[in-house]
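Written below as structure tokens is the structure these notes are about.
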Amino acid sequence: MVRFAVVVFPGTNCDFETEKAIRKAGAEAERVWYRNSLKDFDGVVLPGGFSYADYLRAGAIAARQEIMEEVKEFANEGRPVLGICNGFQILTEAGLLPGALRPNRIPRFLCRWVYLRVADNGTPFTSLYETGEVIRMPIAHGEGNYYVDDPSKVRIVFQYSDGEGNVTEEANPNGSVLNIAAVANERGNVLGTMPHPERASDRFLGSEDGLKVFKSMVEWARK
């Protein structure tokens, strides 16, 4: 059985939901306090929340904690590393993903459901989707405006779209360049997503579209 660590920083608040989603996808999951070791795990998930109360910048302090050196080792070894919302912010601050997450175009907290177009199903986190598939997940962030100097060099995984999969300005909730909602590193084993797949992993939550992120990740780790 593959095992995933769900890293908990002070201010993390999506760890229980993430742990449950991983278990539902068929793997073992354990919440790991940021001062503990990641030894004996097959992958790492950095869940959402407000680590260190988003002091300085969202994810800035968490990215400089000692445990992130282990996370970097996981990434360098090709093991899966998933960052959700605040976890995405931490990964960019740590240099594991390109670009930065800026305050939303309209500076207010956004909490609502969005449509996403799957732009890349060739990563360990998206292999169970079809390229071009339209899925639905919720967002909950104040700094989700993704920016990178050269978007052509970024591996785009999800883009904000309308219900038909059209990537339009009207469908962009936060001002992200090219409607980017999720990106991966060049190798594909590190993914950052602003939408929350763990909050779309059960039909009673309104959608199961996010469960495929975890099922893809688990299936890939088993190989």
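- Between the side chain of Asn121 and the backbone N or O of Thr126 there is no donor-acceptor pair closer than 3.5 Å.
- No donor-acceptor pair closer than 3.5 Å links the side chain of Arg31 to the backbone N or O of Val8.
- Between the side chain of Gln159 and the backbone N or O of Leu178, at least one donor-acceptor pair lies under 3.5 Å.
- By the 30° and 60° cut-offs, the orientation of the rings of Phe9 relative to Tyr34 is tilted.
- Looking at Glu19 and Arg23, a side-chain N of the basic residue comes within less than 4.0 Å of a carboxylate O on the acidic one, giving a salt bridge.
- Proximity of Phe74 to Asn189: side-chain heavy atoms (C-beta onward) are nowhere separated by under 4.5 Å.
- From Leu91, atom CG reaches atom CG of Leu191 across 8.5 Å, with rounding to the nearest 0.5 Å.
- Between Met217 and Ile22 the shortest side-chain heavy-atom distance falls below 4.5 Å.
- Comment: Arg79 does not engage Glu73 in a salt bridge, judged by the lack of any side-chain N to carboxylate O separation of less than 4.0 angstrom.
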How far apart are the C-alpha atoms of Tyr52 and Arg64, what are their side-chain angles, what is the distance that settles it, and do they pass the side-chain contact (heavy atoms from CB on, under 4.5 Å) test?
-> CA-CA 12 Å; Tyr52 298 92; Arg64 287 156 180 80; over 6 Å; no

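- In plain terms, the two heavy atoms of Val213 and Phe158 that are nearest each other are CG2-CZ, 4.2 Å.
- By the neighbour-count criterion of 12 heavy atoms within 6.0 Å, atom NZ of Lys20 is sparsely surrounded, having that number or fewer from other residues, nucleotides or ligands.
- In this structure, the side chains of His196 and Cys14 come closer than 4.5 Å at one or more pairs of heavy atoms.
- Cluster membership for Val134 and Ile156, using ILVMFWY side-chain heavy atoms within less than 4.5 angstrom, is not shared.
- Side-chain heavy atoms closer than 4.5 Å link hydrophobic residues (I, L, V, M, F, W, Y) into clusters, and following such links, possibly through other members, connects Leu38 to Val45.
- Not one N or O on the side chain of Glu70 forms a donor-acceptor pair closer than 3.5 Å with the backbone of Glu66.
- Using a 4.5 Å heavy-atom threshold, the side chains of Met68 and Leu46 count as touching.
- For the pair Arg112 and Pro173, the minimum side-chain heavy-atom distance is below 4.5 Å.
- Of all non-hydrogen atoms in Pro195 and Ile84, the two that sit nearest each other are O-CG2, 3.9 Å.
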Would Val157 and Thr193 count as a side-chain contact (heavy atoms from CB on, under 4.5 Å) if you check the C-alpha gap in whole Å, the side-chain angles of each, and the deciding distance to 0.1 Å?
-> CA-CA 9 Å; Val157 178; Thr193 173; over 6 Å; no

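- Between the CG atom of Leu205 and the CZ atom of Arg199 there is a distance of 10.0 Å, given to the nearest 0.5 Å.
- With hydrogens and angles ignored, the 3.5 Å screen pairs a side-chain donor or acceptor of Ser216 with a backbone N or O of Leu128.
- Note that CZ of Arg117 is 7.5 Å distant from OG1 of Thr131, once rounded to the nearest 0.5 Å.
- No continuous path of ILVMFWY side-chain contacts below 4.5 Å connects Leu211 to Trp220, so the two sit in separate hydrophobic clusters.
- Taking the side chain as every heavy atom from C-beta outward, Leu96 and Asn185 never approach each other to under 4.5 Å.
- At a threshold of 4.5 Å between non-hydrogen side-chain atoms, the residues Lys153 and Glu186 do not count as touching.
- The nearest pair of heavy atoms linking Cys85 to Gly48 is CB-CA, 4.3 Å.
- Atoms CD1 and OH, on Ile135 and Tyr115 in that order, are 12.0 Å from each other to the nearest 0.5 Å.
- For the pair Thr12 and Pro47, the tightest heavy-atom approach, listed with the atom from each and the gap, is CG2-CG, 3.6 Å.
- Checked by atom type and distance alone, the side chain of Ser207 pairs as donor or acceptor with a backbone atom of Arg136 at under 3.5 Å.
- No donor-acceptor pair closer than 3.5 Å links the side chain of Arg3 to the backbone N or O of Phe41.
- No hydrogens or angles considered: nothing links the side chains of Tyr160 and Asp162 as a donor-acceptor pair under 3.5 Å.
- Hydrophobic cluster membership is shared by Ile67 and Ile61, with clusters built from Ile, Leu, Val, Met, Phe, Trp and Tyr side chains linked at under 4.5 angstrom.
- Listed for the Lys24 side chain is a donor-acceptor partner under 3.5 Å among the backbone atoms of Ser201.
- Hydrophobic cluster membership is shared by Trp33 and Ile90, with clusters built from Ile, Leu, Val, Met, Phe, Trp and Tyr side chains linked at under 4.5 angstrom.
- The two residues Asn166 and Ala171 make their nearest non-hydrogen contact at O-CB, 4.4 Å.
- In the model, Asn86 has a side-chain atom that pairs as donor or acceptor with a side-chain atom of Gln89 under 3.5 Å.
- Using a 30° and 60° split on the angle between ring planes, Tyr146 and Phe88 fall in the parallel class, below 30°.
- Between the side chain of Arg187 and the main chain of Asn76, a donor-acceptor pair closer than 3.5 Å is present.
- For the atom pair OG of Ser176 and CG of Asn104, the computed distance is 8.0 Å after rounding to the nearest 0.5 Å.
- Contact record, Pro98 with Thr92: O-CG2, 3.9 Å, taken as the closest heavy-atom pair.
- Within the 4.5 Å cutoff, the side chain of Val6 has no heavy atoms near those of the Phe4 side chain.
- Counting non-hydrogen atoms of other residues, nucleotides and ligands closer than 6.0 Å to OH of Tyr55 gives a total of 12 or fewer.
- In Glu130, the CD atom is not crowded: 12 or fewer heavy atoms of neighbouring residues, nucleotides or ligands sit closer than 6.0 Å.
- For Arg105 (side chain) and Asn172 (main-chain N/O), a donor-acceptor pair under 3.5 Å exists by modelled atom type.
- In this structure, CD in Glu143 is found 8.5 Å from CE in Met194, a value given to the nearest 0.5 Å.
- Under the 4.0 Å criterion applied to side-chain N and carboxylate O atoms, Arg222 and Glu219 are not assigned as salt-bridge partners.
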